[in-house]
Amino acid sequence: MKKIHKLLCVPVIAVTISLPQTAYGSSDLKGHYFEKSMLSLIEKGIIDGYSDGSYRPDRLITRAEFTMLLVRALHLPVKNTTNPYQDIAQDDWYYEAIVTATSNNLIGGYPGNVFRPNKSISRQEMAAMIKRALDMKGVEAEKASLPFTDTAQINQMFIGAIESLVALQIVAGKEKQGDLYFAPLDHTTRGEMSAIFNRMLKQLDDEKLTISYTEYPYDFKQMIDIQVTRTPKVDGAGNFIASRSLVEYYANPNNFSPNSSDYLQFLDLSKQTLLNTSEINSKVLNNKGTLSGQAAAFIKAGKAYNVNEIYLMAHALHETGNGTSTLASGIPVDGKGNVVAKEKATRTVYNMYGYGAVDSNPIKGGAKYAFQNNWFSPAEAIIGGAKDIADNYINDGQNTLYKMRWNPDSPGYPQYATHVRWAVLQTSKMQEIYSLLDSYVLHYEVPSFQKQPKAASLPSAEEHYDVNTNREGQTMYTTANLNLRVGPTTSFNIIKTLAKGSRVSIIGENGGWYKISVSGNSGWVSGSYLSSNQYSIFNRNIDSQPIEVPIVNSADHLFGQLTGQPPILYKEPTISEDNIVKVLPLQTRIAVLEVKDDWLLVTDQENEQGWVQKDNVILGNLLQVQDIDTRLHIRENPSLEGKIIGSLKPSTYLVGNTTSDGKPIKEGAWYQVFYDGAQGWVHEDYVLFQDTLN
């Protein structure tokens with residue numbers, strides 16, 4: 001059973017005091033971390049500067065100063081009541097503020113009837129005063145669990161206040177070495193106070209802001225485990241699968257601040273905004289094609305089907321190109337809803353949300369859908385389309401953009417979109433509309449999961465992409481000079497350019513791009529320029545079947561055996577068509593004459609010399625098949641019962657696998673050998689060992 005917490009913020013009119021312009025632009029606020037929040041309080045007449053023109057944002061604030069600022073921020077009338085404190089006098093500059101705050105139960109003193117006005121205020125004392133101010137103004141809040149490492153150090157009398165302010169996101173912790181601390185006994189600077197005051201004032205000034213927190217009875221990880229199996233996409237075109245870290249980022253509500261437009265993804269779309277018709281027509285829908293003057297239709301649609309009117313407007317404005325699309329402008333149709341010339345039309349239909357506008361023929365499909373639903377005016381299209389939106393998603397429980405995308409009630413299905421940013425992308429237009437209005441109501445519903453991570457940074461661009469490792473380890477070749485990039489699109493920086501014919505090892509794939517490893521570098525290349533057949537690069541058809549060859553007549557050279565696809569022998573250690581000597585068949589034994597970077601200078605059985613890429617060669621000890629009456633079987637396992645994977649005639653040769661110190665690998669009486677690019681086993685009774693590496 002999911003649990004819902006509700007917070008209600010009641011509107012309060014904030015009085016702005018106009019002050020003469022001061023010199024803070026060139027004062028000690030310039031460039032300070034708290035410059036903006038300090039300036040906000042200065043303009044509201046809440047905080048003053050000092051006689052020398054400074055504002056001292058890093059100065060610790062006293063109990064008297066904090067009380068004065070709180071009384072100003074709340075616009076509390078001064079009360080002439082009895083002074084309960086022995087350490088303040090009527091001629092003290094803070095006298096009226098302290099007496100007024102005390103009479104409003106915002107602050108109390110210490111034992112012995114003292115106030116200690118010049119004592120720096122602690123963070124836990126400050127939290128208690130702000131909580132009492134919110135209580136006085138009718139702001140109610142549930143208590144959030146405290147995520148702080150030092151929660152046990154908070155005085156129990158302040159715990160409740162801090163829990164409420166954390167829920168309202170008025171106070172937060174301090175990060176130290178990866179841990180979050182509240183630091184209850186730390187003192188507060190004027191700059192820190194200004195940031196907290198601004199958050200408090202936002203709660204007081206917000207117009208009927210309601211936030212509901214919905215707790216889901218399962219771990220955040222469980223939802224992510226499902227979501228990553230539903231082909232989440234990085235891009236709107238749906239070409240690239242998103243990484244798990246990117247899914248985790250956009251699915252975690254803690255990553256989005258109430259102060260950002262992204263937070264509108266949690267807006268309850270089943271509740272109306274209580275808009276003013278004339279304000280919408282003049283500020284939002286003015287000069288918006290057939291949507292102009294249609295505020296009443298949107299408001300009526302919202303009331304009729306329990307849909308947020310701002311969302312309907314944002315959806316329609318986006319879908320119709322601000323009311324100017326062909327479907328929004330009106331389509332002439334015949335008596336059956338078929339698109340016809342205007343002079344042959346019996347009706348004109350309108351479609352504001354794109355229903356029925358299939359990719360193959362959006363005008364025909366959208367017009368037919370509108371005709372079938374009797375949308376014969378812009379207002380009918382606005383109201384009728386709103387019903388479809390409500391019935392298909394919002395009234396089925398997916399009443400926020402977040403729920404439409406992630407559906408926490410039933411993760412994975414049904415979900416409106418696969419793009420991980422879909423919910424966030426819808427909010428910018430809504431925020432644009434809200435920013436134009438003076439009167440509205442906001443209802444948020446924010447999900448919460450068990451073991452939900454704290455806020456995290458957005459993964460780097462290259463970390464947005466999943467890496468499918470189904471083809472990991474496969475060898476491929478570049479079919480052209482190819483850029484190796486940091487990520488899987490041409491927008492990423494180039495690491496290096498690979499020459500045509502370069503041999504690469506596959507790490508993973510996404511959207512037709514491959515993450516590869518080559519010459520100590522890893523990065524992404526387009527799969528359009530990779531081939532698993534090295535010889536197709538030069539349009540050559542090569543028989544890759546292994547052949548048996550005599551030993552190279554050189555006891556002084558290191559022996560090797562070619563493996564994988566038959567490699568090309570080059571005149572010089574460079575891949576090019578003109579540089580090819582020939583193609584060496586598999587199982588060719590070679591003598592290695594020189595090593596140069598990733599290349600080997602070799603001589604083959606025909607004493608022809610050239611360069612091959614090092615990755616094509618297995619070096620090891622030489623095993624000669626004895627002169628026996630039958631062919632030697634090479635087995636998959638070191639046993640006579642092992643599956644036969646090949647056989648060789650007498651007096652032919654194999655390369656035996658070796659340990660790091662050059663000794664042959666044996667298991668009992670069996671040598672491990674290389675055969676046709678794979679490993680196998682031969683019995684010691686049928687081969688002669690030649691130690692060519694020592």
Pairwise distance CZ(Arg190) to CZ(Phe197) - rounded to 0.5 angstrom = 11.5 Å
Salt bridge (charged side-chain N to carboxylate O under 4.0 Å, His left out) involving Arg230 - partner list, sequence neighbours excluded | none
Heavy atoms from other residues, nucleotides or ligands near NZ of Lys221 exceed 12 (cutoff 6.0 Å) = no
Under 4.5 Å between any side-chain heavy atoms of Asp28 and Pro57, yes or no?
-> yes
Using the ring of each side chain (for Trp, its six-membered ring), is Phe182 parallel, tilted or perpendicular to Phe148, with breaks at 30° and 60°?
-> tilted
Run through Tyr402, Phe266, Tyr263 and flag the one making a ring pair (Phe, Tyr, Trp, His ring centres under 6.0 Å) with Tyr444.
-> Tyr263
So Tyr465 and Trp513, side chain to side chain contact (heavy atoms under 4.5 Å, CB included) or not? Walk me through it.
-> CA-CA 11 Å; Tyr465 297 84; Trp513 283 66; over 6 Å; no
For Val467 and Trp524, which heavy atoms make the closest approach, and how far apart are they?
-> CG2-CZ2, 3.8 Å
What distance separates Tyr55 OH from Glu35 CD, expressed to the nearest 0.5 Å?
-> 11.5 Å
Flag if over 12 foreign heavy atoms under 6.0 Å of NZ, Lys36 | no
Between Tyr218 and Pro411 the two heavy atoms that sit nearest each other are OH-CG, 3.5 Å
Measuring from Asn470:CG to Ile506:CD1, what's the distance to the nearest 0.5 Å?
-> 12.5 Å
Give the minimum heavy-atom separation between Ser531 and Thr479, together with the two atoms involved.
-> CB-CG2, 3.6 Å
Which pairs pass side-chain hydrogen bond (donor to acceptor under 3.5 Å, both in side chains) with one or both residues in residues 480-490, sequence neighbours excluded?
-> Asn483-Thr497, Thr489-Ser491
Which residues share a salt bridge (charged side-chain N to carboxylate O under 4.0 Å, His left out) with Lys283, sequence neighbours left out | Glu279, Asp438
For Asp179 and Thr149, indicate whether the former's side chain and the latter's backbone hold a donor-acceptor pair under 3.5 Å.
-> no
Who are the ring pair (Phe, Tyr, Trp, His ring centres under 6.0 Å) partners of Tyr250, not counting sequence neighbours?
-> none
Give every residue pair that meets the salt bridge (Lys or Arg N to Asp or Glu O under 4.0 Å) criterion with at least one member in residues 462-472, sequence neighbours excluded.
-> none
Distance (rounded to the nearest 0.5 Å) between His464 NE2 and Ile241 CD1 | 15.0 Å
For the atom pair CG (Asn579) and CD (Glu572), what is the distance rounded to the nearest 0.5 Å?
-> 6.0 Å
Residues passing the salt bridge (charged side-chain N to carboxylate O under 4.0 Å, His left out) test with Lys429, sequence neighbours excluded, are Glu432
How close do Thr574 and Tyr570 get, heavy atom to heavy atom, and via which atoms?
-> O-CD2, 3.5 Å
Please test Glu445 against Lys403 for side chain to side chain contact (heavy atoms under 4.5 Å, CB included), starting from the C-alpha separation and ending with a verdict.
-> CA-CA 10 Å; Glu445 184 182 333; Lys403 288 184 178 181; 2.8 Å; yes
Only pairs at least two apart or in different chains count here, so list each side-chain hydrogen bond (donor to acceptor under 3.5 Å, both in side chains) that has a residue in residues 319-329.
-> none
Rounded to the nearest 0.5 angstrom, the OG1-CG distance for Thr418 and Asp235 is 8.5 Å
So which heavy atom on Leu530 is nearest to which on Met476, and how close?
-> CB-CE, 3.9 Å
Residues two or more places apart in sequence or in another chain: which of them pass side-chain hydrogen bond (donor to acceptor under 3.5 Å, both in side chains) with Asp219?
-> none
Should we say atom OH of Tyr529 is surrounded by more than 12 heavy atoms from elsewhere, each under 6.0 Å from it?
-> no
Donor + acceptor pair across side chains of Asn198, Ser40 (<3.5 Å) | yes
Does Pro488 offer a backbone N or O that forms a donor-acceptor pair with the side chain of Asn510 under 3.5 Å?
-> no
Would you please name every residue forming a salt bridge (charged side-chain N to carboxylate O under 4.0 Å, His left out) with Asp262, sequence neighbours left out?
-> none
Just by modelled atom types, is the Ser502 backbone N or O under 3.5 Å from a matching donor or acceptor in the Thr478 side chain?
-> yes
Could you pull out all residues at least two apart from Ser37 that satisfy side-chain hydrogen bond (donor to acceptor under 3.5 Å, both in side chains)?
-> Ser194
side-chain hydrogen bond (donor to acceptor under 3.5 Å, both in side chains) partners of Asp58, counting only residues at least two apart | His32
Let me see the working for Leu498 and Ile516 under side chain to side chain contact (heavy atoms under 4.5 Å, CB included), right down to the final yes or no.
-> CA-CA 11 Å; Leu498 306 178; Ile516 63 168; 3.8 Å; yes
Under the side-chain hydrogen bond (donor to acceptor under 3.5 Å, both in side chains) test, which residues partner Ser519, sequence neighbours left out?
-> Asp598
For Ala242 and Leu246, the nearest pair of non-hydrogen atoms, with its separation, is CB-CD2, 4.0 Å
Can you tell me if Gln415 and Gln227 form a side-chain donor-acceptor pair at under 3.5 Å?
-> yes
Determine, step by step, whether Tyr181 and Asp186 satisfy the side chain to side chain contact (heavy atoms under 4.5 Å, CB included) criterion, reporting the C-alpha distance in whole Å, the side-chain angles of both residues, the deciding distance to 0.1 Å, and the verdict.
-> CA-CA 11 Å; Tyr181 294 83; Asp186 280 9; over 6 Å; no
So, are Glu192 and Arg123 salt-bridged, with charged N and O less than 4.0 Å apart?
-> no
For the pair Asn468 (side chain) and Glu509 (backbone), establish whether a donor and an acceptor sit closer than 3.5 Å, ignoring hydrogens and angles.
-> no
